[in-house]
Number of protein chains: 2
Amino acid sequence: MGIAERKERHKEDIKKRILEAAKELFLEKGFEATSMRNIAEKVEFSPTALYLYFKEKNNIIYALHQEGFRMLASKFQVLAMVSDPMERLKAMGRIYMQFAMENSDFYELMFIMKEPLQYLEGCPDEDWQEGEKVYHALYNTILECQQKRLFSNIEAHGLSLMIWSTMHGLCTMKIHGQLDHMTSNKNILPEVESKIDYVYETFIAVLERMA
Amino acid sequence: MGIAERKERHKEDIKKRILEAAKELFLEKGFEATSMRNIAEKVEFSPTALYLYFKEKNNIIYALHQEGFRMLASKFQVLAMVSDPMERLKAMGRIYMQFAMENSDFYELMFIMKEPLQYLEGCPDEDWQEGEKVYHALYNTILECQQKRLFSNIEAHGLSLMIWSTMHGLCTMKIHGQLDHMTSNKNILPEVESKIDYVYETFIAVLERMA
DNA sequence: TTTGGAAACTTAACACTGTAAACTATTTTT
DNA sequence: AAAAATAGTTTACAGTGTTAAGTTTCCAAA
């Protein structure tokens, strides 16, 4: 009977509408200030109707978390055009950083907030596929670099995780304002218009120097 | 008149008691789960009495944020014993990491939560002295390294910020579980008992190689 | 085509949250 | 002793996530 399918599709549609509303509110007011009641109002449902489609709020958050990763993955697509692995590595860092700056709310959802991964803890055997995918893009690039005799004698997983740590630390310190609240180097680096770019350049210089 | 002083001291005592209670609750139940009412109950006050001593909850959070920095600073004291700057840099990283692991709630308060810095925004001309102090310890060590011809031709502020980014990124990825949710390298790094230590070793290797 | 039951949705309610205003009791000053 | 300032409590507001009970809508079998 095709009617069950149609219902199923309808349900998926509503789920999408809810997520769309949640996303909009989330982007315009920030996550903290977005409540279930807000979302419900936007989709013209009663507050508790959302619970028919998502077991709890963390569920909605996790769905947006996944969408964020899809967004990042689509930005990463252009990297396929870059054949030289070292150049690809550098471009990857730039894109990652740019994504974090342009979609800082999503970045927070993907890497800073603990609710999404916390939700994953609840689902056993479910691992963090989204993060894994990003990690692999990085790891494989490092491996390719090593095939070109770069980063020799350094274990690739360790290096990959270290590079990700640096990028993540840089982005979070920018997003949370620590980078800008450090006024002492403002006087000494007056010509630098963007601190985060400056630090990234330094990082690249370090990597190229030791490669 | 010494009576005003005595009253002032009394007030400070109560403030301390409140902070002590807040800290305990915070450490045992995590920040999210600690409410003003919880704290008030612990010090046997009515909930709103706390507002006579702290203008708002962020105020209490900021006070603990400061205490966290004092704790870190006291751990950093042993670094004065290390005369070689490169060795000191490495020890500093270890201590920073260890502090973040042993006091992850405080670390979150100091570097991850946005409330404290958000509170600072409200107080104009108040800059983030706590962070600045830590930064200077790092920056000066880098300068000393450069006097010994290490990290030559690299601007010290950029390098300092990059190093901090790496350490911060590493600690947050550990605390938030991203490091552990990355199972793909678990199979490949079976002998590694602590991923964070392993990545740190890699980082040190990178720094020493390019120095 | 009417009836029974499931599915979709709403209303009411619970146990919380941070915080402001109003009120009361205590202490200090005049 | 009366007035004023201080310290603290009670009450209240507007919000939160979520559950349970009630209501409406829709679809399948009699």
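Proteins come first, then strands; the chains are lettered A, B, ... in the order of their sequence lines, and each starts at number 1. Computed from a prediction, not measured in an experiment: that's the story for all the values here.
- Nucleotide C:dA20 holds its C1' atom 14 Å from the CG atom of B:Leu50, rounded to whole Å.
- Side chain of A:Ser46, nearest nucleotide from D:dT9, C:dT10, C:dT17: C:dT10.
- Relative orientation of the B:His65 and B:Tyr62 rings is parallel, given thresholds of 30° and 60° on the angle between their planes.
- No N or O donor and acceptor, one from the side chain of A:Arg37 and one from the base of D:dG15, sit under 3.5 Å apart.
- For the pair B:Ile39 CD1 and C:dG18 P, the computed distance is 8 Å after rounding to whole Å.
- Cation-pi contact between B:Lys15 and B:Phe54: present, with separation from the ring centre below 6.0 Å and deviation from the ring axis of at most 45°.
- The B:Ala49 side chain lies nearest to D:dT9 when the options are D:dG17, C:dG18, D:dT9.
- Listed pair A:Thr48 / C:dT10 fails the phosphate criterion, with no side-chain N or O lying under 4.0 Å from OP1 or OP2.
- By the 30° and 60° cut-offs, the orientation of the rings of B:Trp164 relative to B:Phe111 is perpendicular.
- In this structure, A:Met36 places its CE atom 21 Å from P of C:dA13, rounding to the nearest Å.
- In this structure, the NE2 atom of B:His10 is 15 Å from the P atom of C:dT26, given to the nearest Å.
- Judged by the 6.0 Å and 45° rule, B:Arg17 forms a cation-pi pair with B:Phe45.
- In terms of phosphate contacts, A:Tyr51 brings no side-chain nitrogen or oxygen within less than 4.0 Å of OP1 or OP2 of C:dC9.
- The CD-P distance, from A:Glu32 to C:dG18, rounds to 13 Å in whole Å.
- The phosphate of C:dC9 (OP1 or OP2) has a side-chain N or O of A:Tyr53 nearer than 4.0 angstrom.
- Following rounding to the nearest Å, B:Arg17 (CZ) and D:dG8 (C1') show an atom-to-atom distance of 13 Å.
- Ranking D:dA7, C:dT10, D:dG8 by closeness to the B:Lys11 side chain, first place goes to D:dA7.
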Residues B:Tyr96, B:Tyr200; criterion ring pair (Phe, Tyr, Trp, His ring centres under 6.0 Å); working and verdict: CA-CA 11 Å; B:Tyr96 186 91; B:Tyr200 182 68; 9.9 Å; no
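- In this structure, B:Asn58 atom CG and C:dT17 atom P are separated by 16 Å, rounded to whole Å.
- Atom CG in A:Asn38 sits roughly 13 Å away from atom C1' in D:dA14 (whole-Å rounding).
- When the nearest nucleotides of DNA chain D are assigned to B:Leu52 and A:Thr34 by heavy-atom distance, the more 5′-ward of the two goes with B:Leu52.
- Residue A:Phe54 is out of contact with every strand shown, counting any heavy-atom pair closer than 4.0 Å.
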